[in-house]
Protein chains: 2
Amino acid sequence: MSYAFAVDDVTAAIADPVRRQILELLRAGELPARRIAERFPISRPAVSRHLRVLRECGLVHDTLTGRERVYRVDPAPLAEVGDWIAGFARPAGFWGPRLDALETEVHRTRRDRRAQRLEDTA
Amino acid sequence: MSYAFAVDDVTAAIADPVRRQILELLRAGELPARRIAERFPISRPAVSRHLRVLRECGLVHDTLTGRERVYRVDPAPLAEVGDWIAGFARPAGFWGPRLDALETEVHRTRRDRRAQRLEDTA
DNA sequence: CGAACCCGTAACCGATGAGTTACGCTTTCG
DNA sequence: CGAAAGCGTAACTCATCGGTTACGGGTTCG
């Protein structure tokens, strides 16, 4: 049971600068798709597809409110990458013990995400 | 002064599963290119190019020894990504304080890397 | 010296990915 | 009810990327 599956999706997702900026934007608070799109020089459908990528790997969640779709960030999948990175700790227990806390967080939020998914597109 | 530049290269580098596996392989110890290549089902030149990508963003360093080129991993650039991830800490100071240690590490190793680069291809 | 070894690069190719415009659905509101 | 707003999707184009084979340069060794 490795995270390889999820890590693959998440690393691919954050490899794009636009998607990273979207996440940073959402860090300040939830936003409807329109508000997100107008912050970028690219077309709205382009942003919409970036949002889909982020959605499919659980980095954002959305709630349909009237005719607006509000997005909010979920850092849990990022923690899995942080977990992988932590495996490259210096000599022995350099960052290790500190980042181990992340792993705990991963397990904790894995439950939450399942619940979240049911709420999505609600 | 943001890491955006470096983070962009590093996230792109670790987005590929083969490159991540190379890093994991090198985590156990340095290896000549040949030894790395024979662990993968793809051709040797393909691995060689993956190594180049990893080299160009500082994730690996190489030393020319006779007719062999020995590679070793450098986790420092990964720390910059960890740093970025840490910015998505839960509510307030959930992982934050723990991952702050990473940032310190980033600064520390930035000097080292400059020295490393001079040694490369030596 | 010449053959074998180790490795990187060049040239080429199919797949993938990010961008665009056009379109359709649902919700709001005059 | 009909127009406008807010989103997502489809179809298409173009650049990038990862894979392959072919090749060349430096090193070891019989």
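We name chains A, B, ... by the order of the sequence lines, and we start the count at 1 in each one.
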Checklist entry - Looking only at heavy atoms, what is the nearest atom pair of B/Glu24 and A/Phe88, with distance? => result N-CZ, 3.8 Å
Next on the checklist: Rounded to whole Å, please give me the gap between CG in A/Leu51 and P in C/dG17.
Outcome noted: 17 Å
Next on the checklist: Could you tell me how far apart B/Ile42 (CD1) and C/dC13 (C1') are, to the nearest whole angstrom?
Outcome noted: 16 Å
Checklist outcome for this item: Smallest heavy-atom separation, A/Ile85 atom then B/Leu78 atom, equals CD1-O, 3.7 Å
Next on the checklist: Ignoring hydrogens, what is the shortest heavy-atom contact between B/Asp8 and A/Ala15? Give both atom names and the distance.
Outcome noted: OD1-O, 4.1 Å
Checklist entry - Which residue lies toward the 5' end of DNA chain C, A/Pro45 or A/Arg19, if each is placed at its nearest nucleotide? => result A/Arg19
Checklist entry - How close or far is atom C1' of D/dC7 from atom CG of A/Leu31, stated in whole angstroms? => result 15 Å
Checklist entry - In whole angstroms, how far is the P atom of D/dG18 from the CD1 atom of B/Ile22? => result 11 Å
Checklist entry - Using a cut-off of 4.0 Å between protein heavy atoms and nucleotide atoms, how would you tag nucleotides 1-7 of chain C 5' to 3' with B, S and -? => result ----BSB
Next on the checklist: Please check if the number of heavy atoms outside A/Arg27 that lie under 6.0 Å from its CZ is greater than 12.
Outcome noted: yes
Item to check | Euclidean distance, atom CG of residue A/Asp16 to atom P of D/dA15 [Å, nearest integer] | outcome: 18 Å
Next on the checklist: Side chain of B/Arg49, heavy atoms from C-beta onward: which of D/dG8, C/dT20, C/dA11 has the nearest atom to it?
Outcome noted: C/dA11
Next on the checklist: If I take atom NE2 in residue B/His50 and atom P in nucleotide C/dG8, what distance separates them, rounded to the nearest angstrom?
Outcome noted: 13 Å
Checklist entry - Considering the options B/Arg52, B/Arg72, B/Arg69, which one meets the salt bridge (Lys or Arg N to Asp or Glu O under 4.0 Å) requirement together with B/Asp62? => result B/Arg69
Checklist entry - Between B/His50 and B/Ile22, is a side-chain contact (heavy atoms from CB on, under 4.5 Å) present by the stated rule, with each step listed? => result CA-CA 9 Å; B/His50 280 303; B/Ile22 290 178; 3.9 Å; yes
Next on the checklist: Quick check on side-chain contact (heavy atoms from CB on, under 4.5 Å): which of B/Val53, B/Ile42, B/Leu23 does B/Val18 satisfy it with?
Outcome noted: B/Ile42
Next on the checklist: Quick check on C/dT20: is either OP1 or OP2 less than 4.0 Å from any side-chain nitrogen or oxygen of A/Ser43?
Outcome noted: yes
Checklist entry - Starting at CZ of B/Arg52 and ending at P of D/dG18, how long is that distance when rounded to a whole Å? => result 12 Å
Item to check | Rounded distance in Å - CG (A/Asp62) to P (D/dG6) | outcome: 17 Å
